[in-house]
K.L.:
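What follows is a structure written as structure tokens; I'll ask about it next.
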Amino acid sequence: MINFGFLLLGRLNLEAIPSDFVTRVGAIMVLLAPLSVAIFLTITKRWKWLYKNWLTSLDPKKIGVMYIILATIMLIRGGIDALMMRANQAISVGSSNGFLSANHYQQVFSAHGTIMIFFAAMGLMFGIINLAVPLQIGARDVAFPFLNAVSFWLFSAGAILVNLSLVIGVFSIAGWLAYPPLSELKYSPGVGVDYWIWSLQIAGIGSLLSGINFIVTILKMRTKGMNLMKMPVFVWSVLGCLSLVIFAFPILTATLALLTLDRNIGTHFFTAGGGGNAMMYVNLIWAWGHPEVYILVLPAFGIFSEIVATFSRKRLFGYTSMVVAIWAIVLLSFSVWLHHFFTMGAGADVNAFFGIMTMIIAIPTGVKIFNWLFTMFRGRIWLSSQLYWFIGFVFLFTIGGVAGVILAIPPADFELHNSLFLVAHFHTMIVSGVLFGYFAGISYWFPKIFGFKLNDYLGKIAFWCWCIGFILAFGPLYILGFMGATRRLNHYSASLGWQPLFIVAGIGVLIIALGVAVQILQIGWSIINRKIYQDKSGDPWDGRTLEWSIPSPAPKYNYATISVVDSIDQFYEDKKNKKKPSSNYEDIYLPKNTPFGLLIGLIALTFGFAFVWQIWWLVILSLIVLLITLIIRLSNQDMEYLIPAEQVKKMDLKARGIN
Amino acid sequence: MEEENVLNQELVIERNDKSILGFWIYIMTDCVLFASLFATYAVLHTNTFGGPSGKNIFDLNYVFIETLVLLISSFSCGMATIAAFKNKKSMTIIFFGITILLGLTFLIMELSEFHHLALIGDSWTRSAFLSAYFTLVGTHGLHISIGIIWMIIIIGLILKKGLGPHNLRKITMVSIFWHFLDVVWIFIFSIVYLMGVIK
Amino acid sequence: MKKFIYFLIGIFILSFLSLGYFYLKSVNIPILEPKGLIAQKELDLIYFALILALFVVIPVFSLLIIFLIRYREGNKKSSLRYNPSLSGSKVLESIWWVIPTIIILILSIVTWQSSYQLDPFKPISSNLKPLNIEVVALDWRWLFIYPDQNIASINFLEIPIDRPISFYITSDAPMNSFWIPQLAGQIYAMPGMSTQLHIEGNTIGEYNGWSANISGNGFSKMNFKVMVSSNSNFSNFINHIAKLKNNLSLAVYNKLSQPSLDSNYQFYSSVAPNLYNYVVEKYMSPNYVYNSSNISNMGGMKN
């Protein structure tokens with residue numbers, strides 16, 4: 001007897017629709033958000049505009065903006081998860097069990113970690129890389145514009161898949177890194193872990209392709225005269241970050257694939273029994289996971305380097321040191337992964353080695369901090385909101401770093417591992433080191449992309465909300481760690497006396513949420529008053545690097561004429577020497593828009609969804625459609641259009657306000 | 001050359017240049033992928049869980065023939081590339097045809113070995129060692145299949161559009177890919193099969 | 001008006017801090033109040049690292065504040081001090097390559113030594129014979145077997161004061177982490193593997209033990225009590241349990257190992273021989289059959 005229901009729909013049935021109240025509210029929110037956008041687009045008749053100008057665009061600036069919008073949505077989603085966790089912990093004490101069941105609570109923290117790292121932080125990162133890297137190296141485009149769109153749409157497919165788990169089925173309960181055997185079929189038989197696997201796998205492949213794309217862009221497309229040692233430090237740090245991407249992400253791909261095999265065809269890689277070795281998974285996932293931390297933080301370091309120099313109105317202190325420090329971090333980041341599980345019981349020699357390597361990585365990081373500080377030395381510091389983020393970063397990151405050094409000593413780690421101290425530590429590093437940097441970067445390059453600045457005052461208020469909220473949210477967690485509170489607890493006994501701290505932490509998260517609201521207000525306010533904040537000069541911050549030499553918003557071809565570089569802060573020198581931009585206009589080729597990126601994203605989403613629910617015919621069908629799509633796209637060679645030199649000149653003069 | 005209406009010869013050369021570099025970087029990421037699988041195999045190869053070890057199931061002679069087939073296919077792939085750059089269209093197609101046939105032979109041999117193992121109860125579900133073995137060798141096989149499909153597409157493109165710079169770029173890439181798979185196989189042969197039998 | 005706001009903010013922060021101070025004085029902070037040899041040494045390490053780190057933190061914070069004040073645009077002298085061409089200094093840069101390196105070097109030596117000294121697998125040297133206890137993490141409770149006393153308990157552990165304890169730890173469930181903050185740091189409990197932890201309790205009292213690694217629905221309830229008691233109380237405990245006539249046979253164990261949210265204490269007056277080894281070994285070979293006579297020496301199977 002063949003089960004036709006299974007053949008047709010796999011594991012999918014009506015039970016997949018959430019039954020409890022809290023999940024239903026979440027599901028309705030996930031459905032309402034795109035629905036309201038769709039209604040808005042229909043009313044304002046913007047579908048065609050959206051499709052033509054955005055969804056099919058290959059312009060890295062537009063792709064960057066789409067990355068940032070999607071990442072912001074994911075940041076809010078992950079933030080709601082955080083709020084739910086803290087709210088639950090604040091009340092789930094003693095006889096009360098909170099409003100989340102244990103199972104639901106686990107889904108929430110697994111989703112929070114997954115979403116924040118993979119979809120919020122990575123999305124902001126690739127968004128900023130897309131916006132700034134081509135501009136900073138004086139390029140008109142990226143090396144592979146179509147591949148760039150594919151990366152973005154794969155990233156989107158992964159993001160949608162994560163959120164889909166809220167509407168249809170469940171999410172993983174195994175934490176953001178899904179340690180086996182908990183993530184194996186025996187302990188997680190449902191679709192949760194599969195959702196986790198496929199959203200990461202699809203988005204991860206997108207990241208890998210982006211990594212290749214931007215490395216080639218940086219290596220091959222720098223403008224005339226910009227040799228490696230004249231690149232802006234942001235570009236250097238992106239190059240370091242992407243080198244990590246191309247070495248680390250294949251490990252993630254392989255690890256996820258092995259877990260998929262374990263769960264779907266009965267292999268024994270990480271199972272308890274059958275000869276499987278769960279600790280190998282832990283090793284592999286952190287061999288990706290630790291470099292991932294530096295993947296996120298390096299571009300933020302690069303952004304700070306740009307911002308400190310610009311707003312101190314001075315050249316970056318110790319350029320060569322900075323570059324050396326970046327590469328020291330890149331190399332060392334592959335030799336520290338074991339510090340995530342000293343408590344596995346490896347020998348003392350192994351633990352000591354990885355502990356020491358971990359401490360060594362603090363040296364180049366410290367060097368960078370001192371170089372930033374001395375960039376301010378004898379500068380003329382303009383205390384803009386961008387610099388506020390930097391100051392907050394130095395304070396918090398240093399504190400987090402101290403916690404990190406403590407955790408790097410294996411015997412000290414035994415006491416603090418998996419406690420809330422650890423949670424506080426890595427949130428300090430990632431929020432201050434990564435998010436603050438990206439926020440600063442976004443408001444720094446915003447005028448270059450949109451042609452107007454963001455309101456600085458609201459930016460500063462947002463900063464204060466984030467900073468104070470952060471201290472209130474995570475200060476208590478450091479203390480709770482010392483009190484023996486482990487991470488991922490959804491209930492604790494009243495006699496421990498932890499509740500006041502959890503309540504303060506919850507208030508902190510609320511203040512951070514307020515900060516996010518202020519940031520959204522800041523953008524809305526600045527859009528409405530864009531005339532006031534308009535950036536007419538193209539150089540709102542008295543910038544130092546090439547991107548400020550072109551009009552704002554940057555034209556689609558970025559540079560009307562090729563810039564020539566023979567100094568690190570070329571544009572600053574040009575301004576000092578009153579050098580006029582070249583008028584050597586030439587024909588420019590740009591990629592035509594194409595819907596194929598979007599299409600591939602949709603196919604990937606279908607594939608992922610079908611695999612999660614084991615709808616095998618759809619899995620095979622989507623693979624075949626993917627192959628056909630690729631063949632059609634790759635055999636199409638009419639991919640570019642030409643803007644004649646005459647027209648470039650016209651457009652450029654108009655943008656510069658010269659007629 | 002009935003090659004597409006090239007906008008600008010310089011642009012095409014520049015683009016090819018970037019693509020080849022990008023492809024090399026991709027190959028390196030694939031290397032890391034295989035390295036992860038090799039590492040997994042190295043950790044798990046003694047975890048036979050009461051099942052057979054490599055010594056019990058590997059037939060070195062058979063694998064040696066597989067290896068030879070793949071090496072020859074690499075040679076013919078190289079010949080195809082040379083022919084392509086000398087602008088010999090039919091030779092290119094013939095050599096790619098030979099490569100595809102050899103690749104298919106290799107694939108069939110590998111699959112029948114897998115089939116045989118599965119039949120006698122030593123499939124990937126038997127033990128961690130066999131899981132790692134099937135996955136490592138199977139991933140290589142999957143790459144070979146992709147290479148074969150790619151070459152078939154390229155033959156189609158050559159027939160349709162000749163040997164212009166676009167197609168030459170694609171030919172270069174597929175041959176890099178094929179040689180890379182050869183190298184990976186050498187590692188599989190020595191680490192999995194040879195060392196498995198010697199131990 | 002502005003002054004008044006600052007005043008209010010100041011009052012608010014002060015009251016917040018003093019509230020925090022009194023709160024912290026009133027609660028138990030286990031890691032800062034170690035009651036065992038190992039936990040004490042681990043805490044010393046935490047303090048040591050903290051103090052050493054201050055050598056970097058203090059300069060960073062003070063430089064940041066000083067530079068922000070001295071060189072901000074609003075400062076009237078800032079334009080006099082302005083030197084846009086300053087882009088590096090070999091001397092300064094060497095200082096902050098070298099000094100952190102020295103600090104890290106000191107830390108490294110301490111790390112190396114302490115990793116060996118406080119290796120959880122390393123037995124504590126003592127005149128007293130260590131007490132062996134086998135620990136099995138179940139879904140979702142802890143089983144403690146006292147092999148030499150032939151008793152067992154669930155979620156309750158009693159140990160004699162000042163005597164070294166040797167834990168052999170495994171899991172018959174997803175990975176857990178065995179942690180008694182006031183006595184020692186944690187170590188993973190993993191199926192099919194046996195880890196060790198050696199501790200010594202030096203103050204009589206009752207302490208909390210935790211699972212520190214997510215293991216599923218009952219994870220938050222997977223706590224246990226640890227009693228460090230005097231030698232006589234400890235023997236009373238053993239004798240008391242031994243009289244219970246409650247055997248932990250294989251059948252009882254198999255029931256126990258099923259997922260359950262029941263976290264009540266339970267005690268067993270006798271234990272199926274070789275049970276711990278069975279739990280470890282059953283993951284390591286197919287169709288492993290329980291065999292009571294297959295006595296292997298304790299901890300013979302290091303992972």
Side-chain angles (χ1 to χ4, degrees), chain A residues 102-103 106 175 179 181-182 187 272-273 278-279 313-315 317-319 321 343-345 348 351-352 355-356 359-360 362-363 366-367 369-370 373-374 376-383 391 394 398 402 405-406 409-412 414-415 417-419 482-484 486 488-491 497 500, chain C residues 23 27 29-32 42 45-46 49-50 53 56-57 60 63-64 67-68 71-73 78-79 81-84 86-88 92-93 96-97 100-101 104 107-108 111-112 114-116 118-120 174-175 177 181 185-188 190-192 195 208 210 212-217 220 283:
Chain A
N103 186 285
Q106 292 168 59
Y179 278 12
L182 187 59
Y187 298 105
M279 290 324 283
R313 301 196 169 101
K314 244 182 92 223
R315 222 162 115 175
F317 198 88
Y319 177 90
S321 265
T343 50
M344 175 180 78
N351 278 355
I356 291 168
M359 291 166 185
I360 291 174
I363 299 172
V367 166
I369 288 187
F370 281 109
L373 289 178
F374 273 79
M376 303 201 298
F377 174 66
R378 302 195 69 179
R380 242 168 51 209
I381 301 170
W382 172 3
L383 273 174
I391 296 161
V394 174
T398 311
V402 174
V405 168
I406 293 172
I409 305 173
F414 296 157
E415 274 288 32
H417 183 63
N418 272 357
S419 73
F482 277 108
M483 290 179 171
T486 62
R488 296 167 175 172
L489 275 182
N490 68 320
H491 182 265
Chain C
Y23 164 74
V27 289
I29 308 181
I31 292 178
L32 300 183
E42 285 167 350
L45 271 176
I46 293 174
L50 191 65
V56 175
V57 174
V60 167
L63 284 176
L64 181 65
F67 288 175
L68 279 176
Y71 305 114
R72 67 174 290 189
E73 219 166 17
S78 79
S79 54
R81 296 171 181 138
Y82 182 48
N83 179 5
L86 182 69
S87 67
L92 283 173
E93 286 173 60
W96 54 74
W97 277 103
T101 308
I104 295 301
L107 259 177
S108 298
T111 300
W112 189 265
S114 65
S115 292
Y116 276 92
L118 294 171
D119 182 4
M175 188 168 94
S177 195
Q186 65 199 284
I187 189 135
Y188 285 162
M190 298 168 280
T195 47
N208 289 319
W210 305 92
N213 197 73
I214 182 73
S215 54
N217 285 341
S220 295
Y283 286 105

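Letters go in sequence order (proteins before strands), and every chain restarts at 1.
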K.L.:
Taking all atoms of both residues into account, what is the closest heavy-atom pair of C/Trp97 and A/Ser321, and its distance?
P.N.:
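For C/Trp97 and A/Ser321, the tightest heavy-atom pair comes out as NE1-OG, 3.2 Å.
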K.L.:
Name the region of C/Leu92, side chain, backbone, both or neither, that has any atom closer than 4.5 Å to a heavy atom of chain A.
P.N.:
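Contact with chain A involves the side chain of C/Leu92 alone.
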K.L.:
Within the distance-only criterion (no hydrogens, no angle test), does the side chain of C/Tyr82 pair as donor or acceptor with the backbone N or O of A/Arg313 below 3.5 angstrom?
P.N.:
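A pair under 3.5 Å: yes.
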K.L.:
Please report the interatomic distance CG(C/Leu68) to CD1(A/Ile391), rounded to the nearest 0.5 Å.
P.N.:
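The CG atom of C/Leu68 sits 4.5 Å away from the CD1 atom of A/Ile391.
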K.L.:
In terms of heavy-atom pairs under 4.5 Å with chain C, which of A/Ala412, A/Ala272, A/Pro410 leads?
P.N.:
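Looking at each option in turn, the highest pair count goes to A/Ala272.
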K.L.:
For chain C, find which of A/Leu373, A/Thr398, A/Leu489 contributes the most heavy-atom pairs closer than 4.5 angstrom.
P.N.:
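Maximum pair count with chain C is reached by A/Leu373.
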K.L.:
Which heavy atom of C/Ile187 sits nearest a heavy atom of A/Gly345, and at what distance?
P.N.:
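Distance-wise, the nearest heavy atoms are CD1-CA, 3.8 Å.
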K.L.:
In terms of the angle between their ring planes, are A/Phe374 and C/Phe67 parallel, tilted or perpendicular, with boundaries placed at 30° and 60°?
P.N.:
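The arrangement is perpendicular - the two ring planes meet at more than 60°.
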K.L.:
Among C/Pro100, C/Ser87, C/Pro191, C/Pro181, which residue forms the greatest number of heavy-atom pairs with chain A at distances under 4.5 Å?
P.N.:
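Maximum pair count with chain A is reached by C/Ser87.
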K.L.:
Search all heavy atoms of C/Tyr188 against all heavy atoms of A/Met344 and return the closest pair with its distance.
P.N.:
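Taking C/Tyr188 first and A/Met344 second, the nearest heavy atoms are CD1-CA, 3.5 Å.
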K.L.:
For the residue pair C/Ala212 and A/Asn418, what are the closest heavy atoms and their distance?
P.N.:
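For C/Ala212 and A/Asn418, the tightest heavy-atom pair comes out as O-ND2, 2.7 Å.
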K.L.:
With rounding to the nearest 0.5 Å, note down the distance linking CG in C/Asn213 to NE2 in A/His417.
P.N.:
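These two atoms lie 6.5 Å from each other.
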K.L.:
Using non-hydrogen atoms only, which part of C/Gln186 is less than 4.5 Å away from chain A: side chain, backbone, both, or neither?
P.N.:
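Contact with chain A is through both the backbone and side chain of C/Gln186.
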K.L.:
Nearest 0.5 angstrom please: C/Ile46 CD1 to A/Phe482 CZ, how far?
P.N.:
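These two atoms lie 5.0 Å from each other.
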K.L.:
Of the non-hydrogen atoms in A/Met359 and C/Thr111, which two are nearest, and what is the gap between them?
P.N.:
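In terms of heavy atoms, the two residues are closest at CE-OG1, 2.9 Å.
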K.L.:
Side chain, backbone, both or neither: which part of A/Ile369 has a heavy atom under 4.5 Å from chain C?
P.N.:
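Side chain only.
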K.L.:
Please find the pair of heavy atoms, one from C/Leu45 and one from A/Pro411, that lie closest to each other, and give the distance.
P.N.:
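Nearest pair, atom of C/Leu45 first, then A/Pro411: CD1-CB, 3.5 Å.
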K.L.:
Between the main-chain N or O of C/Gly88 and the side-chain N or O of A/Tyr319, is there a donor-acceptor pair closer than 3.5 Å?
P.N.:
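Answer holds: no.
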K.L.:
Among A/Val402, A/Val405, A/Asn490, who wins on heavy-atom pairs under 4.5 Å with chain C?
P.N.:
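The answer is A/Asn490.
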K.L.:
Let me know if C/Ser215 has heavy atoms under 4.5 Å from chain A in its side chain, its backbone, both or neither.
P.N.:
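Only the backbone of C/Ser215 comes within 4.5 Å of chain A.
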K.L.:
Examine whether an atom of A/Tyr187 lies under 4.5 Å from a heavy atom of chain C, and if so say whether it belongs to the side chain, the backbone or both; otherwise answer neither.
P.N.:
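The side chain, not the backbone.
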K.L.:
To the closest 0.5 Å, what do you measure between CD (A/Glu415) and CD1 (C/Ile31)?
P.N.:
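Going from CD on A/Glu415 over to CD1 on C/Ile31, the span is 4.5 Å.
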K.L.:
Check step by step if side-chain contact (heavy atoms from CB on, under 4.5 Å) holds for C/Asn217 and A/Gln106.
P.N.:
CA-CA 8 Å; C/Asn217 285 341; A/Gln106 292 168 59; 3.2 Å; yes
K.L.:
In terms of heavy-atom proximity below 4.5 Å to chain A, should C/Tyr116 be classed as side chain, backbone, both, or neither?
P.N.:
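For C/Tyr116, heavy atoms of backbone and side chain both lie under 4.5 Å from chain A.
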K.L.:
Heavy-atom pairs under 4.5 Å with chain A - which of C/Ser220, C/Gly185, C/Ala49 has more of them than the others?
P.N.:
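Result: the option with the highest number of such pairs is C/Ser220.
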K.L.:
Let's test your reading of the structure: which of A/Met279, A/Met483, A/His491, A/Met376 forms the most heavy-atom pairs below 4.5 Å with chain C?
P.N.:
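The answer is A/Met483.
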K.L.:
Could you check whether any side-chain heavy atom of A/Ile381 comes within less than 4.5 Å of a side-chain heavy atom of C/Glu73, counting everything from C-beta outward?
P.N.:
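No, too far: nothing below the 4.5 Å cut-off.
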K.L.:
Using side-chain contact (heavy atoms from CB on, under 4.5 Å), reason through A/Phe370 and C/Glu93 one step at a time and then give a plain yes or no.
P.N.:
CA-CA 8 Å; A/Phe370 281 109; C/Glu93 286 173 60; over 6 Å; no
K.L.:
Which atoms of C/Trp210 come close to chain A, meaning under 4.5 Å heavy atom to heavy atom: side chain ones, backbone ones, both, or neither?
P.N.:
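Just its side chain gets close to chain A.
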K.L.:
To the nearest 0.5 Å, what is the distance between CZ on C/Arg81 and CZ on A/Arg378?
P.N.:
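Output value for this atom pair is 9.5 Å.
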K.L.:
Quick check on the interface: out of C/Ile104, C/Leu118, C/Asp119, who has the most heavy-atom pairs with chain A under 4.5 Å?
P.N.:
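Max contact count across the listed options: C/Ile104.
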K.L.:
Among C/Val56, C/Leu86, C/Asn208, C/Leu50, which residue forms the greatest number of heavy-atom pairs with chain A at distances under 4.5 Å?
P.N.:
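Of the candidates given, the most pairs with chain A belong to C/Leu86.
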K.L.:
CG of A/Asn351 to CH2 of C/Trp112: how many Å apart, nearest 0.5 Å?
P.N.:
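One finds 10.0 Å between CG of A/Asn351 and CH2 of C/Trp112.
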K.L.:
Only pairs of heavy atoms separated by less than 4.5 Å count here; which of A/Gly484, A/Ala102, A/Ser419 has the most with chain C?
P.N.:
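With the most close heavy-atom pairs to chain C, the winner is A/Gly484.
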K.L.:
Measure C/Pro174 against the heavy atoms of chain A and call it side chain, backbone, both or neither at under 4.5 Å.
P.N.:
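Answer is both: backbone and side chain atoms of C/Pro174 are under 4.5 Å from chain A.
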K.L.:
Return the option, out of A/Ala278, A/Pro181, A/Gly318, with the maximum number of heavy-atom pairs under 4.5 Å with chain C.
P.N.:
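Looking at each option in turn, the highest pair count goes to A/Gly318.
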K.L.:
Which atoms of C/Val27 come close to chain A, meaning under 4.5 Å heavy atom to heavy atom: side chain ones, backbone ones, both, or neither?
P.N.:
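Contact with chain A: side chain only.
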